[in-house]
J.: 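Please read through the structure below; I'll follow up with questions.
Computed from heavy atoms alone, side chains included, the values below leave out hydrogens, waters and symmetry copies.
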Amino acid sequence: MTAPSPSGQSQYSAHSEGSNALSVGQVVGNLVLKFFTGVGNVEKWSVWNWVPCGFVLVLCAVSVLLMPEGPWDQFVVAAVCLVLPLGATFWRAIWGRDRAIWRRALVSWGSVALAVIGLAQMVYLRAHGEVDVTGSTRIEPQSPAGDGATLRLTVDSETVRRHLRLTLGVEEGSVGTQSCAPDTTFDVALAGQQPEDANRSLTSGTAVDIALGGQSTDVRVVVTVHTLPGCLMDISVDSAVLHD
């Protein structure tokens, strides 16, 4: 504190000295500089070189935690959008420090943008992606079915989707005493509805798409078997996938 001025007013002054006296603005400014370009006073702090890589790594970790169940091929785009920026920012931290400023900025901006796209894709798949529910599907009764028999197929899943892609398999119910599989077909429809033309006379291994009439977790399907008189057939679920 200084002595009172001749005019009778008191004047105060405060200052700090030393290399550790960094303001919040300086810290934020250094972070931004290093994150996007890697230049400025922060260049001597090697830890800042890993900030973009760490940020992308966090986005990748969140994406993995949000990853839903489903066919692996639907995750290709998200995986590319997450793996590429992780590798790019790792390269930037190890070998890219001596590159041109615009190259470092491009790698940082591009990597973060690509990782955000990958995260957004994973969020979308969690809400609208395909979900394999084959293991949650059951057919009743489980005894061999003859011509005109009606089977009830139920999907026990909390997943909400608008379509069910179903593939049924047909095998001989009495192996060695009959050969009816090539002449066996079936109709598929939601419970309480009539089969659509595209869902009639299906054969073993044929995939059929059933509209669920709005998002619902209560999926019940009726399968009507058509085979030769006297034949008994085993009907099984080869694949069941919920999707939008």
J.: Quick check for you: to the nearest 0.5 Å, what is the distance between L164 atom CG and S157 atom OG?
T.: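 Going from CG on L164 over to OG on S157, the span is 10.0 Å.
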J.: Please tell me if the side chains of I139 and V237 come closer than 4.5 Å, counting only heavy atoms from C-beta onward.
T.: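 They are in contact (side-chain heavy atoms under 4.5 Å apart), so the answer is yes.
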J.: Are side-chain heavy atoms of V77 and I117 found at a separation under 4.5 Å?
T.: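 In short, these two side chains do not touch, never coming nearer than 4.5 Å.
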J.: Closest heavy-atom contact between L82 and S63?
T.: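 In terms of heavy atoms, the two residues are closest at CD1-CB, 3.5 Å.
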J.: V123 and W72: same hydrophobic cluster, using ILVMFWY side-chain contacts below 4.5 Å?
T.: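 Yes, V123 connects to W72 through the hydrophobic network.
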J.: Test of understanding: with disulfide bond (SG atoms under 2.5 Å apart), list the residues that count as partners of C60, not counting sequence neighbours.
T.: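 Expected list: none.
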J.: Is L212 reachable from V208 through a run of hydrophobic residues whose side-chain heavy atoms are each under 4.5 Å from the next?
T.: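 As far as the 4.5 Å side-chain criterion goes, L212 and V208 are connected within one cluster.
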J.: What residues form a salt bridge (charged side-chain N to carboxylate O under 4.0 Å, His left out) with D156, not counting sequence neighbours?
T.: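 Scan of D156 (salt bridge (charged side-chain N to carboxylate O under 4.0 Å, His left out), adjacent residues dropped) gives R138.
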J.: Within the structure provided, determine whether F55 and T89 are in side-chain contact (heavy-atom separation under 4.5 Å).
T.: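 When only atoms from C-beta onward are counted, T89 and F55 do not touch, as no gap falls below 4.5 Å.
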J.: So do Q74 and Q121 actually touch side chain to side chain, heavy atoms under 4.5 Å?
T.: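 When only atoms from C-beta onward are counted, Q74 and Q121 do not touch, as no gap falls below 4.5 Å.
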J.: Please name all residues satisfying ring-ring contact (aromatic ring centres under 6.0 Å, His included) with H163, sequence neighbours left out, ordered by chain then number.
T.: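 Applying ring-ring contact (aromatic ring centres under 6.0 Å, His included) to H163 gives H243.
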J.: Under the 3.5 angstrom rule, does the side chain of S111 hit a backbone N or O of S108 as a donor-acceptor pair?
T.: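 Pair absent, no side-chain N/O of S111 close to backbone of S108.
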J.: Of all residues at least two apart in sequence or in a different chain, which pass the disulfide bond (SG atoms under 2.5 Å apart) check with C81?
T.: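 For C81, no residue satisfies disulfide bond (SG atoms under 2.5 Å apart) once neighbours in sequence are set aside.
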J.: So, applying side-chain contact (heavy atoms from CB on, under 4.5 Å) with L168, which one of V221, L151, L153 is it?
T.: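 For L168, the side-chain contact (heavy atoms from CB on, under 4.5 Å) test succeeds with only one of V221, L151, L153, which is L153.
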J.: Using a 4.5 Å cut-off on heavy atoms from C-beta on, say whether the side chain of P68 contacts that of M122.
T.: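 Of all side-chain heavy-atom pairs linking P68 with M122, at least one is under 4.5 Å.
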J.: May I ask you to say whether E130 pairs ionically with R165, meaning some side-chain N is under 4.0 Å from a carboxylate O?
T.: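 Yes.
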J.: Give, for atom CG of L202 and atom OG1 of T185, the distance between the pair rounded to the nearest 0.5 Å.
T.: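 Reported value, rounded in 0.5 Å steps: 8.0 Å.
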J.: Could you state the interatomic distance from CG (D244) to CG (L125), rounded to the nearest 0.5 Å?
T.: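 Answer rounded to 0.5 Å: 11.0 Å.
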J.: Working to the nearest 0.5 angstrom, can you tell me the gap between L66 CG and L119 CG?
T.: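 So the gap between those two atoms works out to 6.5 Å.
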J.: Do T167 and T206 have side chains that get closer than 4.5 Å, going by heavy atoms?
T.: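 Of all side-chain heavy-atom pairs linking T206 with T167, none is under 4.5 Å.
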J.: Counting only heavy atoms not in E140, do more than 12 fall under 6.0 Å of its CD?
T.: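 Check passes, neighbour count above 12.
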J.: Take L86 and L57, measure what side-chain contact (heavy atoms from CB on, under 4.5 Å) needs, and give me the verdict at the end.
T.: CA-CA 6 Å; L86 188 60; L57 183 61; 4.1 Å; yes
J.: Could you pull out the closest heavy-atom pair between L232 and P144, with the gap in Å?
T.: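 It is CB-CB, 3.8 Å.
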J.: Please enumerate all residues that pass side chain to side chain donor-acceptor pair (under 3.5 Å) together with R220, with sequence neighbours excluded.
T.: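 Expected list: D218.
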J.: Looking at side-chain heavy atoms only, is the closest gap between M233 and F186 below 4.5 Å?
T.: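 They are not in side-chain contact.
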J.: Quick check on the hydrophobic clustering: are I235 and V133 connected, directly or via other members, by side-chain heavy-atom contacts under 4.5 Å?
T.: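 As far as the 4.5 Å side-chain criterion goes, V133 and I235 are connected within one cluster.
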J.: Is it true that the side chains of T227 and T184 contain a donor and an acceptor less than 3.5 Å apart?
T.: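 Yes, side-chain donor-acceptor contact under 3.5 Å.
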J.: Does V241 share a hydrophobic cluster with L190, counting links as ILVMFWY side-chain heavy atoms below 4.5 Å and allowing steps through other members?
T.: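 V241 does not cluster with L190.
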J.: Side-chain heavy atoms under 4.5 angstrom apart, residues restricted to Ile, Leu, Val, Met, Phe, Trp, Tyr: same cluster for L166 and V222?
T.: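 No; V222 is not reachable from L166 via cluster members.
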J.: Looking only at heavy atoms, which two atoms of A78 and G118 are closest? And how far apart?
T.: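 Result for this residue pair: CB-O, 4.0 Å.
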J.: Considering all heavy atoms of both residues, which atom of A240 and which atom of T134 are nearest to each other, and what is their separation?
T.: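 That would be N-OG1, 2.9 Å.
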J.: Say whether, by atom type as modelled, one donor and one acceptor occur between the side chain of D187 and the main chain of S201 under 3.5 angstrom.
T.: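 Present.
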J.: Checking T224 now: which residues fulfil side chain to side chain donor-acceptor pair (under 3.5 Å) with it, not counting sequence neighbours?
T.: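 Not a single residue meets the side chain to side chain donor-acceptor pair (under 3.5 Å) criterion with T224.
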